[in-house]
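This report concerns only the one structure given below.
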Protein chains: 2
Amino acid sequence: MTDAGRRRGRPSTGVREAVLAATEAILGESGVARLSTKEIARRAGVAESSIFYHFGDRLGLLQAVVALHLPRFKDVADGLVPGEGGLRANLVALLDGLVAFYARVAPILAAVQADAELRARFADRGAGEVIGPRRGVAPIAAYLAGERELGRVRADLDVEAAAMVLLAVAHQRAVLGRLSDGPAPGGTGDAVDVLLAGLAAG
Amino acid sequence: MTDAGRRRGRPSTGVREAVLAATEAILGESGVARLSTKEIARRAGVAESSIFYHFGDRLGLLQAVVALHLPRFKDVADGLVPGEGGLRANLVALLDGLVAFYARVAPILAAVQADAELRARFADRGAGEVIGPRRGVAPIAAYLAGERELGRVRADLDVEAAAMVLLAVAHQRAVLGRLSDGPAPGGTGDAVDVLLAGLAAG
DNA sequence: GTCTATACCTAGATAGAC
DNA sequence: GTCTATCTAGGTATAGAC
């Protein structure tokens with residue numbers, strides 16, 4: 001590892017960053033299936049061997065790409081303040097933000113699902129679960145708990161379960177958007193309305 | 001179980017079936033990343049060239065695997081009769097069934113997401129959307145509509161949107177189960193409770 | 001329809017000059 | 001730290017005997 005402490009040695013010439021960017025681009029356009037070190041190097045305008053210098057091997061590179069996106073998971077609920085704005089509007093905005101986030105991360109999530117070796121390498125560090133929604137649940141659940149205190153949300157709501165449902169819907173819409181190259185059927189508003197009012201007859 | 005319209009020519013010697021089974025097995029265990037015609041042939045106990053004889057090329061094989069699972073999508077809501085049994089119990093059973101279904105299909109869905117070429121081949125036939133939940137929505141929405149008529153479900157419920165949410169939750173749980181090698185946090189019951197009662201304070 | 005054998009290519013990875 | 005050059009294994013796909 002050359003860089004744990006960050007910028008201890010030589011100044012970066014941007015190769016590492018270019019490689020990461022190219023990897024993400026290919027992942028988004030073509031998926032892991034077509035992700036080769038050769039094409040990454042070509043697109044990054046970099047020697048193929050530089051990839052191995054920086055990341056050790058192909059999987060190390062994939063790991064780095066995944067790691068790059070994990071911290072951003074917690075930003076999804078930023079700007080949401082319980083009590084401010086309408087509950088429905090807040091949820092629609094949250095859901096839209098989540099869908100956009102998942103649309104960016106979906107190719108990477110798909111890569112992890114499609115590559116057992118990559119999955120295994122994360123399991124070794126116990127980081128497999130980090131990819132899941134656990135990181136995302138907390139801030140959303142916190143927001144819902146805030147609204148619950150204010151009485152805008154059912155007093156007996158299981159906020160973690162509700163946050164999971166929101167994440168599930170967002171992920172679904174992002175995946176569908178990628179599969180059919182268009183937005184998923186129905187709007188985010190429809191889903192929010194279902195969630196707000198529930199299924200059971202009142 | 002000699003299948004439907006085919007069996008016009010020579011009797012099958014089971015090679016085709018063995019190849020499909022081996023492909024699914026590898027897809028489930030390792031993902032597309034490691035899916036090679038060589039390993040498929042090895043596991044199926046078959047000559048590699050037979051794969052190309054039956055399916056043309058690697059993508060043709062993948063297509064066949066996907067096609068194999070599409071018809072089963074509509075069976076997920078079978079056995080659900082509006083009015084029979086408790087609404088909550090029905091939904092829990094439905095969700096559990098959906099999770100099991102998605103757990104089987106998830107590797108294939110991941111493969112499609114991870115391979116742009118495969119995605120494109122389905123887009124050509126307009127079948128890309130078939131992979132999505134559209135097939136699954138109808139029977140679930142029909143069940144919900146039935147319950148709505150009986151007054152056990154909100155009169156103004158958007159049944160399609162609700163069905164989508166159920167599918168989203170099921171897919172999420174299946175994916176999480178694969179990523180962390182254990183059931184997803186919370187039970188299906190928790191999600192159902194959220195969906196039944198909704199978020200908003202009554 | 002299924003096999004063996006093989007052609008041909010691209011993959012991931014390393015060595016060593018600068 | 002980055003490059004050029006190269007090795008080897010494995011990938012998809014085809015030819016032709018049976």
Side-chain angles (χ1 to χ4, degrees), chain A residues 1-23 26-27 29-65 111 114-121, chain B residues 2-3 5-23 25-27 29-65 111 114-118 120-121:
Chain A
M1 243 4 145
T2 32
D3 58 17
R6 225 70 229 168
R7 289 303 90 85
R8 195 71 72 107
R10 293 269 170 70
S12 165
T13 45
V15 169
R16 192 189 157 96
E17 289 70 20
V19 168
L20 287 170
T23 304
I26 295 168
L27 233 39
E29 290 166 25
S30 315
V32 246
R34 282 278 161 140
L35 186 79
S36 71
T37 50
K38 281 204 164 56
E39 195 180 333
I40 294 166
R42 219 179 300 131
R43 272 178 83 139
V46 150
E48 197 185 354
S49 55
S50 297
I51 298 173
F52 295 94
Y53 174 81
H54 283 289
F55 302 99
D57 61 1
R58 198 189 103 111
L59 253 71
L61 169 59
L62 264 318
Q63 272 187 273
V65 171
D115 191 328
E117 263 187 289
L118 188 58
R119 227 156 50 219
R121 218 183 260 202
Chain B
T2 5
D3 50 42
R6 294 196 294 92
R7 288 301 95 77
R8 196 72 71 110
R10 294 268 168 69
S12 165
T13 46
V15 169
R16 192 189 157 94
E17 289 71 19
V19 167
L20 287 170
T23 304
I26 295 167
L27 233 38
E29 291 166 24
S30 314
V32 246
R34 281 276 162 137
L35 187 78
S36 72
T37 50
K38 277 201 166 57
E39 194 179 335
I40 295 166
R42 218 179 303 129
R43 274 180 79 141
V46 151
E48 199 183 353
S49 57
S50 297
I51 297 173
F52 295 94
Y53 174 81
H54 282 289
F55 302 99
D57 61 2
R58 199 191 103 111
L59 252 70
L61 169 58
L62 263 319
Q63 272 187 273
V65 171
D115 192 328
E117 262 187 289
L118 189 56
R121 219 182 261 202

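None of the values given here were measured: they were computed from a predicted structure. Here is how names work: the chains are called A, B, and so on, in the same order as the sequence lines, proteins then strands, and each is numbered from 1.
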How long is the line joining [atom1] of [X] and [atom2] of [N], in whole Å?
| X | N | atom1 | atom2 | value |
| --- | --- | --- | --- | --- |
| D57(B) | dG11(D) | CG | C1' | 14 Å |
| Y53(B) | dC3(C) | OH | P | 12 Å |
| E39(B) | dA11(C) | CD | P | 19 Å |
| R58(B) | dT14(D) | CZ | C1' | 18 Å |
| R34(B) | dT12(D) | CZ | P | 12 Å |
| I40(A) | dT10(C) | CD1 | P | 17 Å |
| R42(A) | dC3(D) | CZ | C1' | 17 Å |
| E48(A) | dA11(C) | CD | P | 8 Å |

Sidechain N-carboxylate O distance under 4.0 Å for R43(A), E29(A): yes
Salt bridge present between R34(A) and E39(A) (N-O < 4.0 angstrom):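 Not counted as a salt bridge, because no side-chain N and carboxylate O are separated by less than 4.0 Å.
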Phosphate-side-chain proximity, S50(A) and dG1(D), N/O vs OP1/OP2 below 4.0 Å: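 It does not, given that no N or O in the side chain of S50(A) lies less than 4.0 Å from OP1 or OP2 of dG1(D).
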Short side-chain N/O contact from T37(B) to OP1 or OP2 of dT12(D), under 4.0 Å: yes
Evaluation steps, side-chain contact (heavy atoms from CB on, under 4.5 Å), between F55(A) and Q63(A): CA-CA 9 Å; F55(A) 302 99; Q63(A) 272 187 273; over 6 Å; no
Among [options], the nucleotide that comes nearest once only the side chain of [X] is considered:
| X | options | result |
| --- | --- | --- |
| F52(A) | dA13(D), dT14(C), dA11(C) | dT14(C) |
| A47(A) | dT12(D), dA11(C), dT4(D) | dT4(D) |
| V46(A) | dG12(C), dC3(D), dT12(D) | dC3(D) |

First of V15(A) and L59(B) reached from the 5' end of DNA chain D, by closest nucleotide: V15(A)
Audit row: L61(A), L20(A), side-chain contact (heavy atoms from CB on, under 4.5 Å) steps and yes/no: CA-CA 8 Å; L61(A) 169 59; L20(A) 287 170; 4.0 Å; yes
Residue pair V32(A) / A114(A): nearest heavy atoms and the distance that separates them: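 Looks like CG2-CB, 4.2 Å.
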Presence of donor-acceptor pair under 3.5 Å, side chain of S49(A) and base of dT14(C):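 Side chain to base: no pair present.
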Touch class at under 4.0 angstrom, heavy-atom based, for L35(B) against every strand present: sugar-phosphate
